[in-house]
Engineer: 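Quick one: this structure, given as structure tokens, is what I'll be asking you about.
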Amino acid sequence: QVQLVESGGGLVQVGGSLRLSCAASGRTLDDYSVGWFRQVPGRQREVVSCKSNSAIGTYYAPFAKGRFTISRDKAKNEAYLEMNLLTPEDTAVYYCAADTTSLIARNLCQFSDSPAWGQGTQVTISS
């Protein structure tokens, strides 16, 4: 199983940007589809963006389209989420996930019941 560690979260003002990183170890991330999810206390975890292991399938949640960009770096065994034009509604803990069984297309991101998860990184947007 791959191990994942997120970084890059923090406190930024409205309209600012952050770049989250997901560093993988134990296995090559190329074997996995990757996804970014977020969760606010008291609410269910929601999908932000996903990219298949072939890098062909890419999904963005409606709130992420045009503002967020998911990417992968094979050489570094990492994945990223570039976030721009941040609003207070983007405040959440952001999690990276990796899965060998997934369905990812422009309008779909479906992971299995047991992907690998990182520990999460807090993103706080101040108004």
Engineer: Under 4.5 Å between side-chain heavy atoms, counting indirect links through other Ile/Leu/Val/Met/Phe/Trp/Tyr residues: same cluster for Tyr59 and Phe68 or not?
Structural biologist: no

Engineer: What distance do Gln39 atom CD and Gln44 atom CD have between them, rounded to the nearest 0.5 Å?
Structural biologist: 8.5 Å

Engineer: Taking side chain to side chain donor-acceptor pair (under 3.5 Å) as the test, write out the residues that go with Thr58, two or more places apart.
Structural biologist: Lys51

Engineer: Check whether Thr91 reaches the backbone of Ile125 with its side chain - one donor and one acceptor, N or O, closer than 3.5 Å.
Structural biologist: yes

Engineer: Which residue pairs pass the side-chain hydrogen bond (donor to acceptor under 3.5 Å, both in side chains) test when at least one of the two sits in residues 62-73, sequence neighbours left out?
Structural biologist: Arg67-Asp90

Engineer: Please test Val48 against Met83 for side-chain contact (heavy atoms from CB on, under 4.5 Å), starting from the C-alpha separation and ending with a verdict.
Structural biologist: CA-CA 11 Å; Val48 178; Met83 304 188 296; 5.9 Å; no

Engineer: Regarding Tyr80 and Glu78, do their side chains bring together a donor and an acceptor under 3.5 Å, going by distance alone?
Structural biologist: yes

Engineer: Of all heavy-atom pairs between Val40 and Ala92, which one has the smallest distance, and what is that distance?
Structural biologist: CG2-CB, 3.8 Å

Engineer: What's the spacing between Glu89 CD and Ser127 OG if we round to 0.5 Å?
Structural biologist: 9.0 Å

Engineer: Is there a path of hydrophobic side-chain contacts, each under 4.5 Å between heavy atoms of I, L, V, M, F, W or Y residues, that connects Tyr95 with Leu81?
Structural biologist: no

Engineer: Please say yes or no: joined through hydrophobic side-chain contacts below 4.5 Å, possibly via intermediate residues, are Val47 and Tyr60 part of one cluster?
Structural biologist: no

Engineer: Side-chain heavy atoms under 4.5 angstrom apart, residues restricted to Ile, Leu, Val, Met, Phe, Trp, Tyr: same cluster for Phe63 and Leu18?
Structural biologist: yes

Engineer: Output the rest of the hydrophobic cluster of Leu85: all Ile, Leu, Val, Met, Phe, Trp and Tyr residues reachable through side-chain heavy-atom contacts under 4.5 Å, sorted by chain and number.
Structural biologist: none

Engineer: Count the heavy atoms of every other residue, nucleotide or ligand shown that sit under 6.0 Å from CD of Gln1, and state whether that count exceeds 12.
Structural biologist: yes

Engineer: Please assess Asn53 against Tyr32 for the test side-chain contact (heavy atoms from CB on, under 4.5 Å), listing each intermediate value before the final yes or no.
Structural biologist: CA-CA 5 Å; Asn53 57 347; Tyr32 297 81; 5.6 Å; no

Engineer: Could you list the donor-acceptor pairs under 3.5 angstrom formed between side-chain atoms of residues 22-31 and any protein atom two or more places apart in sequence or on another chain?
Structural biologist:
unit_1 : atom_1 : unit_2 : atom_2 : d
Thr28  : OG1    : Asp30  : N      : 3.3

Engineer: Considering all heavy atoms of both residues, which atom of Val2 and which atom of Ala98 are nearest to each other, and what is their separation?
Structural biologist: CG1-CB, 3.9 Å

Engineer: Taking ring pair (Phe, Tyr, Trp, His ring centres under 6.0 Å) as the definition, give me every residue that meets it alongside Phe37, ordered by chain and number, with sequence neighbours left out.
Structural biologist: Phe111, Trp117

Engineer: Output side-chain donor-acceptor pairs under 3.5 Å for residues 4-16, partner residues at least two apart or in another chain, one line each.
Structural biologist:
unit_1 : atom_1 : unit_2 : atom_2 : d
Glu6   : OE1    : Gln119 : N      : 2.9
Glu6   : OE1    : Gly120 : N      : 2.9
Glu6   : OE2    : Cys96  : N      : 2.7
Glu6   : OE2    : Gly120 : N      : 3.3

Engineer: Have Ser33 and Ser102 got a donor and an acceptor in their side chains that come within less than 3.5 Å?
Structural biologist: yes

Engineer: So, for Val34 and Ala79, which heavy atoms are closest and what is the spacing to 0.1 Å?
Structural biologist: CG2-CB, 4.1 Å

